[in-house]
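A short write-up of the structure that comes next.
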Amino acid sequence: MYTTTTNILEFQIFDVNSRTGFMPFQPPISRLPTHWELWESLLDDARREQLQPADKLGITAEEMARSERWRSRVSQTPLLSINDMATSTVLLRRAHLVLTFLMHFYIHTIPPDSPVLIPRPISIPILQVAKVLDLPPVITFSDTVLYNWRWANNANESDSSLESQTLFTGLQDEEVFYLCSARIELRGVDALNIMCSVMDEIFCGDEITLGRLTTYLLELSTVIDALKSLLLDVRKGCDPEVYYNAVRPWFRGEDSDSYVPSEERRKWVFEGAEEYPDLNMLPPDRELSGASAGQSSLIHALDVFLGVDHDRPNSISYMKRMQRYMPHPHRCFLSHLGKNPRPLRDFVMTACSEDTPANSAMKEAYNKAVSSLKEFRDSHMVIAGLYIIGPARRAAEALVHDTSVSSSASLKDRAITGTGGTDLLSFLKGVKKQTVLTLIT
Ligand code: HEM
């Protein structure tokens, strides 16, 4: 039997809140209880000591030595049990955040020519926590954004008073970057509620449905326009060079150095994982991508709802892959939304077979919402150019002029030819093209 996806109770099943959307209604905890204090204090140390990524251009011997001392402390930390948190989602989420921040500090401070071996005090608990949460053992959008905020100074619940809880660098640029996404998630709640109303309307399908649908779709377009403005606001406090050179390096995944051939990329080895065969929750292809707002369930929900199809015939699409990095209930929400037996686009197409003013108005409103999503993606491409492609080119040029022995000739060649810029642009263009193809002509 058809059940509507739309009421608040169903939202709750999928851990979606009618006021905060994919962000939890209560701010996440900012520190684990004393039993796991060792993890929190190692993270405090990493930030206090301002550890630097080992491949930072011009890193000093003193900075490398400081990182090495910190890594040695991590390796000597006792292995803490997660048994006492296994039934608490709130604790598990903070544990995933703390352990993945520790893990990324650990990995990215290892000299570029040394293997990546994640020591047991981190590898075992992160695999255990990731298994219970059904998340990969790598930093995700949920760690940096969804479960990483609080209201500033206990202020009112207004999105302008948000703060991040945990940062790699302590820089304002990093916080602005995370909060840009957080504000989009909160503003997007209106879009989720409109989706509910639209689906209810289609379900009822009475005479005044078309008029109401038209109004809702125009509202949706306005909300998506607001998301675009919030995205562009990232430029107000996040400097592109700082983002690219100081912030982004920390949340790179195993596959992030796209200019390095995959067979030459360093594998991340989780020490002791073979002793826990039931922990084998890594995706079959061992993919461990870094955190990305491409993992935002909100944008995926807009795609699914409007009928933007990213699926590919013979391979799993980027968007599908990113869903593995979303909290399990949100992944289920998207899947549920995708199974809606009365998809909006089909409904509009069917209605449009009959040429009436009401049908035309609805089609126009639908196309306006899709166009707003396309324009969001246009702006996103501008941002990607500003924050990644430009700084990547400049970093590659600096590397070429770097005379230090640490930068090998082949690395310099690769960096200049393959900053990922061409791939990135053609990928983002492809996603945009799918959005444009969704318009109903
Ligand atoms: C400075 C800000 C941003 C930069 C530099 C940036 C960069 C990128 C990059 C490089 C990708 C390609 C895939 C990847 O590496 O994961 C990507 C994909 C994506 N990003 Fe962003 N992004 C930013 C902000 C955002 C925000 C705030 C959102 C929305 C919450 C967002 C949503 C997406 C989505 C949905 C994709 C998948 C492709 C698409 O749907 O067009 N991004 N982003």
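Both ligands and their constituent atoms are indexed starting at 1 by order of listing. No experiment lies behind these values; they were computed from the predicted model shown. Numbering starts at 1 and runs along the sequence shown.
The proximity of His300 to ligand 1, defined as any non-hydrogen pair under 4.0 Å, does not occur for either the backbone or the side chain.
For His310, the heavy-atom gap to ligand 1 stays at 4.0 angstrom or more.
Considering backbone and side-chain atoms together, Tyr318 places an N or O closer than 3.5 Å to an N or O of ligand 1. Considering backbone and side-chain N/O atoms, Tyr387 never comes within less than 3.5 Å of an N/O atom of ligand 1.
Both cation-pi conditions hold for Arg93 and Tyr147: the charged atom is under 6.0 angstrom from the six-membered ring centre and inside a 45 degree cone around its axis.
Atoms of ligand 1 lying under 4.0 Å from any heavy atom of Ser181, numbered from 1 in the order shown and given with element: 27 (C). Each of the atoms 39 (C), 40 (O), 41 (O) of ligand 1 lies under 4.0 Å from some heavy atom of Val431. Annotation for ligand 1: atoms under 4.0 Å from non-hydrogen atoms of Ile184 are 27 (C), 30 (C). Annotation for ligand 1: atoms under 4.0 Å from non-hydrogen atoms of Phe177 are 1 (C), 2 (C), 3 (C). Numbered from 1 in the order shown, with element, the atoms of ligand 1 that lie under 4.0 Å from a heavy atom of Leu231 read 24 (C), 25 (C), 26 (C), 27 (C). Short contacts between ligand 1 and Ile299, defined as distances under 4.0 Å to a heavy atom of the residue, involve ligand atoms 29 (C), 35 (C).
No more than 12 heavy atoms of other residues, nucleotides or ligands sit less than 6.0 Å from atom CD of Glu68.
In this structure a side-chain-to-backbone donor-acceptor pair under 3.5 Å is missing from Arg342 to Met199. His104 places a side-chain N or O within donor-acceptor distance of the main-chain N or O of Trp250, the cut-off being under 3.5 Å. Here the side chain of Glu175 pairs a donor or acceptor atom with the backbone of Ser164 at under 3.5 angstrom. Judged purely by atom type and a 3.5 angstrom limit, Arg94 uses its side chain to pair as donor or acceptor with the backbone of Ser30. Remark: side-chain polar atoms of Tyr366 are paired, donor with acceptor, to backbone N or O of Leu306 under 3.5 angstrom.
Checked against the 6.0 Å centroid threshold, Phe177 and Tyr243 count as a close aromatic pair.
At the shortest separation from atom 10 (C) of ligand 1 among protein heavy atoms lies Ile388 CD1, 3.2 Å. Of the protein's non-hydrogen atoms, the one nearest atom 12 (C) of ligand 1 is Leu424 CD1, 3.5 Å. The single protein non-hydrogen atom nearest to atom 40 (O) of ligand 1 is Arg377 NH2, 2.8 Å, given as residue, atom name and distance.
The ring-ring contact (aromatic ring centres under 6.0 Å, His included) test with Phe101 singles out one residue from Tyr106, Phe251, Phe168, and that residue is Phe168.
In this pair, Trp149 and Trp151 present their aromatic rings perpendicular. The plane angle is above 60°, beyond the 30 to 60° band.
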ask   = Yes or no on salt bridge (Lys or Arg N to Asp or Glu O under 4.0 Å) for Lys432 and Asp378, after CA distance, side-chain angles and deciding distance?
value = CA-CA 8 Å; Lys432 188 177 82 173; Asp378 284 335; 2.9 Å; yes

query = Step by step, would you call Tyr318 with Phe427 a ring pair (Phe, Tyr, Trp, His ring centres under 6.0 Å)?
reply = CA-CA 9 Å; Tyr318 168 85; Phe427 160 70; 4.7 Å; yes

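Each protein N, O or S atom less than 2.8 Å from atom 21 (Fe) of ligand 1 was counted, giving 1.
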